[in-house]
Amino acid sequence: MAGPSPPLNECRPMKMNLLVNRLHILFNGIAIVAWFYYRATHLCSIIKTRETPLVPYLIVCFSESVLTFLWILDQAYKWRPVKRYVRPESLPEDEKLPPLDVFICTADPSKEPSQGVMNTVISAMAMDYPPDKLAIFLSDDGGSYVTLQAMQEAWKFSRYWIPFVKKYEMKTRCPEAYFSEAGSAHDKFSNSSEFAADKKKIEQKYQEFMDNLEKNSVNAKASVSRDHPPNVQVITDEDSNAVGSDLKEMPLLVYVAREKRPSHPHHFKGGALNVLLRVSAVISNAPYFLVLDCDMYCNDPSAARQAICFYLDPKISSDIAWVQFPQKFRDMGKHDIYGGSLNPIWRRGQGLDGLRGPTIYGCNFVMTREAIYGLGKASKGNVDINQLKKSFGPSNEFIKTINKSYRPQLPEDRKCSGELQKEIQLLASCTHDKDTEWGHEASIYFESEPCFLGASPMSLNDMLVQQTRWSFGLMQIGLSKFSPLIYAPLRMSILQSMCYSHLILECLYAVPFYLIAIIPPISLLYGIPLYPKVSDPFFLVFAFIFVSSLLKHVQEVLSYGDDIMTALYELRVFVMKCAACYFYANLNAVLDRLGLLQANFSLTNKVVDDEQVRRYEQGIYDFQVSPMLLAPLCSLYILNLATLTLGIPKLLNKGDELFVQAAISLVGLILNYHLLEGMVLRTDKGRISPSLLLLSVGIAAAIWVRKVRNGSITSSERNACIERPADHQQAIVLTCLWIVQRPYIWRPVKRTVYPERLPEDEKLPPIDVFICTADPSKEPSLGVMNTVISAMALDYPPDKLAVYLQDDGGSYVTLNAVRESWKFSRYWIPYCRKYEVKIRCPDAYFSAAESAHDKFISSSEFAADRKKVEQKYEEFKENLEKNSVNAKASLSRDHPPIVEVMTDEDGNVMGSDLKGVPLLVYVAREKRPNHPHHFKGGALNTLLRVSAVLSNAPYFLVLDCDMYCYDPSSARQAMCFYLDPKIAPKIAWVQFPQKFRDLSEHDIYGGSLNAIWRKGLGLDGARGPTIYGCNFFMTREAIYGMGKIDKNVDLNQLKKSFGSSNELLKSLYKDYKPQLPEDRKCSDALQKELQLLASCTYDNGTQWGEEVGYMYFTVVEDSITSLVLHGRGWISVFLDPDTPCFLGSSTTNLNDMLVQQTRWAFGLMQIGLSKYSPLLYGLPRMPALQAISYCAPIFECLTAIPFYGLAIIPQICLVHGIPLYPKVSDPFFIAVAIIFISSQLKHIQDVLVYGDSFMTAVYELRVWLMKGAACYFYATLNAVLDRFGLHEATFSLTNKAVDEERARLFELGLYDFQVSTMLLVPICALYLLNLASFIIGIPRILQKGDELFAQAVLPLYGVIVGYHLFQGMFLRKDKGRISSSIILLSTAVAAIILCCGSIIVFF
């Protein structure tokens, strides 16, 4: 009688490791308690004696507390490590094995080459598992035809490969791995001639397969799309007779490209796996599924059987959610310098397995559907399908799959019916998750011979980027409602929740790392002891903790089978992760939690770089890394090297006291010797670049300078230390900013023109008008079309006028509106010219009292014509309103180029001659998510190119879409400069100020921008103003960077600058005539040329955006372009006539104003931190006065530095009675008073001279204060982050749609504080700080009035000027008040600033 069958699996505790771990926990724990006893007693002694500065000591104590907390969490991994074993040979026969689905995700064939991905797919198909119970699903997030074609090729090859590997019992079933090794057939086939013949045949098929993949991958990058419909294809034979046949011998293979739309969140890999879950449910519906990375092939074909050993064990199967295999890598060198093996993670896996199981590690795990659906055993009963739709979505077929008796609907020939295909499309759509529980609502760790092999990062940059991404994602969890400190303890054991806490909060190591890497070395330099003397018994405690921790790490590495060098490499990787990955992960997670950062997913590049591989194989670090990732690490190394070297005299003097601090720096320097090699000793390409070395030295020096005041100082010295940054530094910055403002008032000029002296119309030059729009939901079509029509109706020869509208949204709403505008303009333009209408914007005209010439006012014909045109305008408005119903839905960020020249469908409309109506052209340049579009600069460059072949006017006018032509003579006024032979050759542009029609008597948001236009008058006396976004006429010659050319110039020489269009190049000829026929209907050849010029790739490889056209790289294309043009020697003029030439809509709410000002300031600061900084680019190329005038707007947001300094430091010092300014009795008090009062009076004088009121000066001061607290602060921060590649510039439209409630508040002069929290909190916090410090400081003022008078005036001045904030917080009750939550948050911020400042002052 046969005995009981052996168990399918076995779990054995790792007894030796368990014993060592627990002894280490015991002894190290006792030592840590003793250490904190020392810290506590020594802290009390410091407070009493003040022998050692308290602040650095507290910082070190805090660092050690964080380290201890993380150490305690880490010990949970080590409490009960276990090892598991399986017996797949004891499994039941194949018929009784459960089905298994395999999920593989890929996204970009240019970074994840198809050859590697398909090898993974084929290895999964060839697993040692019943093929009729195996289904492989590949999710392609790039929707790439390259990947789809590769899948079809993989299917064809697998029809040969799978029978081959099963026939000869292959051990290695990944084709690439098999053909690159000696051979891995079963021993009994090794000498078989039949095997040799079959192997040769299959190798030929594999080479054909790889050749086909290589051909298909030529345009891999271009094939990727971020905007595509769902595409699900079950791969099968096109010819049913192909290779013998029976589909049951082949696993199911399915290609899935879920729907992707830029406007819908896709949730990265989690979203892709959820789609695979849904699609696979209706196709195969296996109860278990295996998840693989696209580069992680199946190395052991028995992997699936090994996992099933747990699921078919009745003792534990009901509790198991997933079986996790470790990730092993095929490309590991003997020098694992980047920690690519991830062995520290897998060592923890053994410990987690003893505590109800490991976490999911991204891939290589087999999971049950029951667990991932979250239904548990309840799903096995009779459940109403309708009740499940709220959780699982609207698909009836998917809901049915939850039923135990469900059978998939895929027929035997694997060809989906139309109904099934429709259901699959729904399940793969981007909207299926909406309003469902998808994405909202224990395990085994198993390690044997590697079941799966993948590719690890082989460059330092890839490793750091990957680790930063992982750490950021984990910290996102730590800052969410799923934080293990909150979520875990109530739902799992303490030890398991500790493991999750350590994993998720691991990047907090950055906090003690940075503090310990900075504070002790600098304290060493200044002889400040922070650790026990060598002769102190507690020195042994510290030494024990330090040494035992290092030895424990070495023991863990050796017990896992690695060597001592692996322990060293892991320590180096930990240091690099702390300095870069954990630091940026913490920063980004906090910004993400506050809504200031959008999470993104960057693929790890799987493409092999031979040079990097060579260095990796030799164990040489490749330091070709992003400066932002490497600079912190190098800076800390240089800081420790410098402080240790310079601290040698202190060591010789106080060696007993400073030994530990010196040892910490020395250990860090020795451990990271590879950095010294990279900085100083190496000369190869992988070394640390000199520019990065200089940057690191600068950062280290900055850290050093900021910390030099940590020494032991007296009270008077402390006051002096506070005074220097509070007084001198702020005064220097303010003085510099004041100096760069002086060119504005050095030589202001006022210009007058005489358009009546212009020559007759026939001699006037042509003009193009460029108007840009992007979103009809934010820029309503009615307003945009009024601007278009007003431009068409300019008092200028219509045959010499062309109007171009660039629609960046590619919206059919805007296109239809342009067509309607063309129809209406056929009535409007003749009417305006006939009656000499003064206001030629229809909306403004019909809302004005009268605007025809006096001689027509009493005419009955005029009255009749006006009534008729008014009716036409009403019809026009109604048509626009109908077209705009789905304005937001009409937008597209992924569309081909559209260029349409408007003309009459019926040539008999109003009888008419097209020459009597200006040319009107709609342009929607091509937009693709994976191509940069360069904001407004890119739009204007497209218009320059398109207009060159349609009208090619030598001058063009740029208007904002809401800035209509108020004075029809504006074009003639501009021509007064261009036709003046004395100055015309030098003039690049004529700038008109922006004036606004919707300003109230209370311009509380500074919407008039008069502060800018006042400066324009001053700039006009210094070779001209900058470009101010719109309302300027410019010459093509200036913007092209060259004049018209003769025909003897070789066009091929110009292609590098202007691109491949021959027609555009011909437009540069002096005698070029545009190709548009008189009927304005484009030929096919011309239309094709226009499509090319408006394509998103036309700029590539040309000088557009660099030397030609509007400059790119910043959101303020106007400022950088004007700087470059002035640098080339051009001048400009500022024309501010009494009658505004253009009228637009200003910002009428505080949020829009702050967002707009932040965007402008950010763009300007981008220029300041680039090679075009006026200090570097301007001074050699233009007069000093003009270069300095550019510094003022570009560096204006640096005002935030003295603003914050003067809004915080004097106030805190006032509270503590520390004087920073001269006494009232001091003669220098008069100097301070003169500077303060004269600057206020000068501002008032500027405002009054320009024709504004005293209250305008008050409103401008308030706007400046709010900009200093919010806009300039965030602009400076974002510009610095952008400079280091940590922030991507975006462009947000100012909303032109009118909100009646906000408009009412604006008319009443009441501030609307419905503002983003991040913008309003700094403003309110500083106001509350000033208010509180003034009130708290009153006793000090009464006691030391003579000394503290100036400091008392400063917060009082801020409180009075910012009285509107006081009203918004405490007096107002309307909807526009400051919310209670913002008041509370601002109060907390102010309190923190006050407390921290007080601590610094006290200690």
Side-chain angles (χ1 to χ4, degrees), residues 770 772 806 808 925 931-948 956-958 960 987-989 991 1019 1023-1042 1054 1056-1059 1064 1093 1096-1132 1159-1182 1186-1187 1189-1196 1275 1278-1279 1282-1283 1287-1291:
F770 297 160
C772 297
Q806 157 65 35
D808 252 16
R925 59 178 171 144
H931 284 82
H933 61 277
H934 304 298
F935 313 117
K936 188 177 177 181
L940 288 172
N941 282 346
T942 299
L943 290 180
L944 279 168
R945 296 193 294 263
V946 169
S947 64
F956 59 90
L957 162 65
V958 176
D960 269 359
I987 295 177
W989 67 93
Q991 178 70 59
L1019 284 170
R1023 300 185 73 243
T1026 63
I1027 299 171
Y1028 292 116
C1030 65
N1031 299 5
F1032 62 91
F1033 290 81
M1034 181 174 274
T1035 69
R1036 277 187 191 269
E1037 181 181 344
I1039 201 71
Y1040 280 178
M1042 60 181 292
L1054 297 173
K1056 292 181 180 179
S1057 297
F1058 289 89
L1064 175 63
L1093 293 168
C1096 62
T1097 56
Y1098 188 84
D1099 287 354
N1100 294 352
T1102 72
Q1103 293 296 312
W1104 283 99
E1106 296 176 12
E1107 297 294 332
V1108 179
Y1110 286 86
M1111 302 292 289
Y1112 296 155
F1113 98 78
T1114 174
V1115 295
V1116 286
E1117 76 297 323
D1118 48 1
S1119 297
I1120 182 63
T1121 302
S1122 58
L1123 174 63
V1124 170
L1125 292 180
H1126 276 146
R1128 292 173 182 170
W1130 292 94
I1131 67 170
S1132 56
R1159 185 178 73 232
W1160 291 348
F1162 165 60
L1164 290 166
M1165 198 59 188
Q1166 277 184 306
I1167 301 171
L1169 296 179
S1170 73
K1171 66 179 181 180
Y1172 294 105
S1173 172
L1175 295 174
L1176 303 173
Y1177 182 87
L1179 286 171
R1181 295 173 173 84
M1182 58 183 74
Q1186 189 176 31
S1189 70
Y1190 267 102
C1191 292
I1194 287 174
F1195 293 114
E1196 189 174 13
N1278 289 341
D1282 175 76
R1283 187 69 183 86
H1287 177 275
E1288 185 175 353
T1290 59
F1291 186 88

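We number each residue from 1, following the sequence as shown. Just so it is clear, the structure is predicted and the values come from calculations on it, not from any experiment.
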**Request:** With rounding to the nearest 0.5 Å, note down the distance linking CG in Leu1164 to OG1 in Thr1026.
**Result:** 8.5 Å
**Message:** Listing request: all side chain to side chain donor-acceptor pair (under 3.5 Å) pairs with a residue in residues 1099-1110, at least two apart in sequence or in separate chains.
**Reply:** Arg945-Asp1099, Asp1099-Tyr1112, Glu1107-Arg1128
**Asked** Less than 4.5 Å apart, any side-chain heavy atom of Val946 and any of Gln806?
**Response** no
**Asked** Can Tyr1098 and Leu1064 be said to form a side chain to side chain contact (heavy atoms under 4.5 Å, CB included), step by step?
**Response** CA-CA 12 Å; Tyr1098 188 84; Leu1064 175 63; 3.5 Å; yes
**Asked** Once you round to the nearest 0.5 Å, how far does CD1 of Ile1039 lie from CH2 of Trp989?
**Response** 8.5 Å
**Prompt:** Closest heavy-atom contact between Cys772 and Leu940?
**Reply:** SG-CD2, 3.8 Å
**Asked** Looking at side-chain heavy atoms only, is the closest gap between Met1034 and Val958 below 4.5 Å?
**Response** no
**Request:** Scan for salt bridge (Lys or Arg N to Asp or Glu O under 4.0 Å) pairs involving residues 1023-1032, sequence neighbours excluded, and state none if there are none.
**Result:** none
**Item:** Main-chain N/O of Phe1033 paired to Gln991 side chain as donor or acceptor, under 3.5 Å
**Value:** no
**Message:** Tell me if a side-chain donor or acceptor on Lys936 pairs with a main-chain N or O of Gly1029 at a distance below 3.5 Å.
**Reply:** yes
**For the student: nearest non-hydrogen atoms of Pro1193 and Ser1189, plus distance** = CD-O, 3.0 Å
**Asked** Considering only heavy atoms from C-beta outward, does the side chain of Ile1167 approach that of Ser1119 to under 4.5 Å?
**Response** yes
**Prompt:** Is there side-chain contact between Cys1096 and His933, with at least one heavy-atom pair below 4.5 Å?
**Reply:** no
**Item:** Pairwise salt bridge (Lys or Arg N to Asp or Glu O under 4.0 Å) hits with a residue in residues 1167-1178, at least two apart
**Value:** none
**Item:** Where Thr1121 and Gly1109 come nearest, the two heavy atoms and their spacing
**Value:** CG2-O, 4.4 Å
**Asked** Can you name the closest pair of heavy atoms from Leu1176 and Pro1180 and give their distance?
**Response** O-CD, 3.3 Å
**Request:** Search all heavy atoms of His1126 against all heavy atoms of Ser1132 and return the closest pair with its distance.
**Result:** NE2-OG, 3.1 Å
**Item:** Side-chain heavy atoms of Ser1122 within contact of Tyr1190, under 4.5 Å
**Value:** yes
**Request:** Please step through side chain to side chain contact (heavy atoms under 4.5 Å, CB included) for the pair Leu1123 and Met1182, ending with a clear verdict.
**Result:** CA-CA 10 Å; Leu1123 174 63; Met1182 58 183 74; 3.8 Å; yes
**Request:** Supply the atom-to-atom distance Phe770 CZ to Leu944 CG, rounded to the nearest 0.5 angstrom.
**Result:** 4.5 Å
**Prompt:** How many angstroms lie between OH in Tyr1028 and CH2 in Trp1160, if you round to the nearest 0.5 Å?
**Reply:** 11.5 Å
**Message:** Any heavy-atom pair between the side chains of Trp1130 and Glu1037 that's under 4.5 Å?
**Reply:** yes
**Fill in**
CG (Leu1169) and OG1 (Thr1114) are apart, to the nearest 0.5 Å, by 10.5 Å
**Item:** Any side-chain heavy-atom pair of Tyr1177 and Val1124 under 4.5 Å
**Value:** yes
**Request:** May I ask you to test the Leu1175-Cys1191 pair for a side-chain heavy-atom distance under 4.5 Å?
**Result:** yes
